[in-house]
Amino acid sequence: MLRTGKPLRLRRLSLAGDDRHLFVPLDHSVSDGPVVPTGQWDDLLRALVSGGADGIIVHKGRARALPPDILQNCALVVHLSASTACSADVDAKVLVGDVEEAVRLGADAVSVHVNIGSDTERQQLADLGAVARSCDTWGIPLITMIYPRGPRIENPRDPALLAHLVNVAADLGADMVKTSVTLPLDRMAEVVAHSPIPVLAAGGPPDGSDLIEYGAAVMAAGCAGLAVGRRIFSSPSPASLVSRLAAVVHGTHAGRAGAAGTQANGMNMTNYPTFVAGVV
């Protein structure tokens with residue numbers, strides 16, 4: 001039987017070995033601007049790892065600058081798509097990296113962003129297919145971030161529409177799919193039921209409400225995990241919040257973060273509150 005590195009890399013994307021995932025996207029520095037001041041970047045990464053994140057998602061330049069010790073217990077996903085908030089069409093995603101580059105950087109997976117319903121959907125689908133082909137060549141998992149965005153979308157929370165999107169990702173070669181959630185949240189079960197690949201719920205609750213309850217709801221609906229960025233890295237206590245989300249995702253109260261007031265890989269947690277605003 002022909003074997004590639006993909007099964008090994010897929011295993012690394014779930015550090016608990018339960019095929020569930022908590023990813024923290026940090027690619028916002030391209031789309032929207034700096035995530036944190038430069039001097040706080042390594043401390044943020046160490047907090048995410050100590051809290052129990054299964055993986056972080058960054059662009060290739062940021063991956064190149066990572067201190068090698070940080071990701072010993074956390075997977076690296078290199079994001080290959082980009083656009084900025086300054087663009088004439090913010091829904092138009094372009095490829096800015098390739099799978100071979102990601103492999104050279106030590107990536108465990110790559111991710112590609114596709115906006116269905118956008119004016120450039122055709123090219124984004126073509127790019128997804130090309131990246132999937134390269135992923136098969138290199139034996140590296142592909143996470144497709146696929147969303148209903150653009151002038152042709154009437155209801156981006158429609159379960160039937162989201163079920164369509166996750167199947168687009170699967171049919172074009174993705175190993176996992178990250179997408180928007182339905183409203184109400186329990187209808188996310190319909191999306192999961194129609195997906196042949198694991199579904200990751202994107203972001204936090206659409207109304208900005210309790211993040212932990214949101215995580216519990218989407219996991220109860222059958223999602224394989226969460227991909228939460230801004231709500232985590234803008235938190236006053238990212239390690240604590242990640243630890244609590246990891247407990248929801250993996251069904252355990254054990255995290256890699258120490259109790260409040262301890263050192264988390266050199267990041268002093270003493271001044272961080274245990275409870276985050278908006279999270280019970």
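Computed from a predicted structure; not experimentally measured.
V168 has its side chain within reach of I146: a pair of non-hydrogen atoms, C-beta onward, lies under 4.5 Å apart. Residues R20 and V248 form no side-chain contact, since every pair of their non-hydrogen atoms from C-beta on lies 4.5 Å or further apart. Inter-residue side-chain proximity for V35 and D27 is flagged as unmet; no heavy-atom pair is nearer than 4.5 Å. For the pair L183/P206, a side-chain contact is recorded, criterion being any heavy-atom separation below 4.5 Å from C-beta on. Using a 4.5 Å cut-off on side-chain heavy atoms (C-beta onward), W41 and T38 make no contact. Inter-residue side-chain proximity for R231 and P205 is flagged as met; some heavy-atom pair is nearer than 4.5 Å. By the 4.5 Å heavy-atom criterion applied to side chains, T137 and V99 are not counted as neighbours. Residues V192 and V166 fail the side-chain proximity criterion, which asks for heavy atoms closer than 4.5 Å.
Nearest heavy atoms, P25 versus K178: CG-NZ, 3.8 Å. Nearest heavy-atom pair, A63 versus V78, reported as atom, atom and distance to 0.1 Å: CB-CG2, 4.2 Å. Closest non-hydrogen pair, C74 versus V49, comes out as CB-CG2, 3.6 Å. A pairwise comparison of heavy atoms in V249 and G225 identifies CG1-CA, 4.4 Å as the closest pair. Counting all heavy atoms, side chain and backbone alike, L161 lies closest to P148 at CD2-CB, 3.6 Å. When all heavy atoms of A53 and V24 are compared, the closest pair comes out as CB-CG2, 4.0 Å.
Under the rule for a ring pair (Phe, Tyr, Trp, His ring centres under 6.0 Å), the partners of F23 that lie at least two apart in sequence or sit in another chain are H21. The side-chain hydrogen bond (donor to acceptor under 3.5 Å, both in side chains) search around E121 returns none, not counting sequence neighbours. For the ring pair (Phe, Tyr, Trp, His ring centres under 6.0 Å) test, residues two or more places apart in sequence or in another chain that qualify with H28 are F233.
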Practice item. Please test D18 against H250 for side-chain hydrogen bond (donor to acceptor under 3.5 Å, both in side chains), starting from the C-alpha separation and ending with a verdict. Key: CA-CA 7 Å; D18 57 2; H250 295 291; 2.8 Å; yes

Check your understanding: Would Y214 and D210 satisfy side-chain contact (heavy atoms from CB on, under 4.5 Å), going step by step from the backbone distance to the final call?
Key -> CA-CA 6 Å; Y214 165 81; D210 187 277; over 6 Å; no

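Between the CZ atom of R157 and the CE atom of M188 there is a distance of 9.5 Å, given to the nearest 0.5 Å. Of the inter-residue distances, the one linking T120 atom OG1 with D91 atom CG reads 7.5 Å to the nearest 0.5 angstrom. In this structure, CG on L128 lies 10.5 Å from CG on L80, to the nearest 0.5 angstrom. To the nearest 0.5 angstrom, L76 atom CG is 6.0 Å from L71 atom CG. Taken from CD1 in I70 to CG in D42, the straight-line distance is 4.0 Å, to the nearest 0.5 Å. Residue L165 holds its CG atom at 7.0 Å from CD1 of I153, rounded to the nearest 0.5 Å.
Contact check on D69 versus R46 returns a salt bridge, with a Lys/Arg side-chain nitrogen under 4.0 Å from an Asp/Glu carboxylate oxygen. Salt-bridge check for D175 with K6: passed, with a basic side-chain N closer than 4.0 Å to an acidic carboxylate O.
Sorted by first and then second residue, the ring pair (Phe, Tyr, Trp, His ring centres under 6.0 Å) pairs with a member in residues 71-118 read H59-H79, H113-Y147; sequence neighbours excluded. Among residue pairs with one or both ends in residues 179-193, those qualifying as salt bridge (charged side-chain N to carboxylate O under 4.0 Å, His left out) are R187-E190; sequence neighbours excluded. Contacts classified as ring pair (Phe, Tyr, Trp, His ring centres under 6.0 Å) and involving residues 159-178 (residues at least two apart or in different chains) are not found.
Placement of V199 and V218 within a single hydrophobic cluster is found when ILVMFWY residues are connected by side-chain heavy-atom separations under 4.5 Å, directly or transitively. Tracing side-chain contacts under 4.5 Å through hydrophobic residues (I, L, V, M, F, W, Y), one reaches I140 starting from I197; they form part of the same cluster. When the side chains of ILVMFWY residues are joined at heavy-atom separations under 4.5 Å, either directly or via intervening members, W138 and L95 end up in a single hydrophobic cluster. Hydrophobic cluster membership is shared by L162 and V228, with clusters built from Ile, Leu, Val, Met, Phe, Trp and Tyr side chains linked at under 4.5 angstrom. L172 and V110 fall within the same hydrophobic cluster, defined by Ile, Leu, Val, Met, Phe, Trp and Tyr side-chain heavy atoms under 4.5 Å apart, directly or through other members.
Under a 3.5 Å cut-off, the side chain of T182 and the backbone N or O of P184 do form a donor-acceptor pair. Remark: the backbone N or O of R11 is not paired with any side-chain donor or acceptor of S14 at under 3.5 angstrom.
Here the options are S83, S31, S118, the test is side chain to side chain donor-acceptor pair (under 3.5 Å), and the partner is K93; only S83 passes. None of L26, L226, L48, L44 except one satisfies the side chain to side chain contact (heavy atoms under 4.5 Å, CB included) rule with I232; the exception is L48. A side chain to side chain contact (heavy atoms under 4.5 Å, CB included) with V77 is found for exactly one of V58, I57, L142, namely I57.
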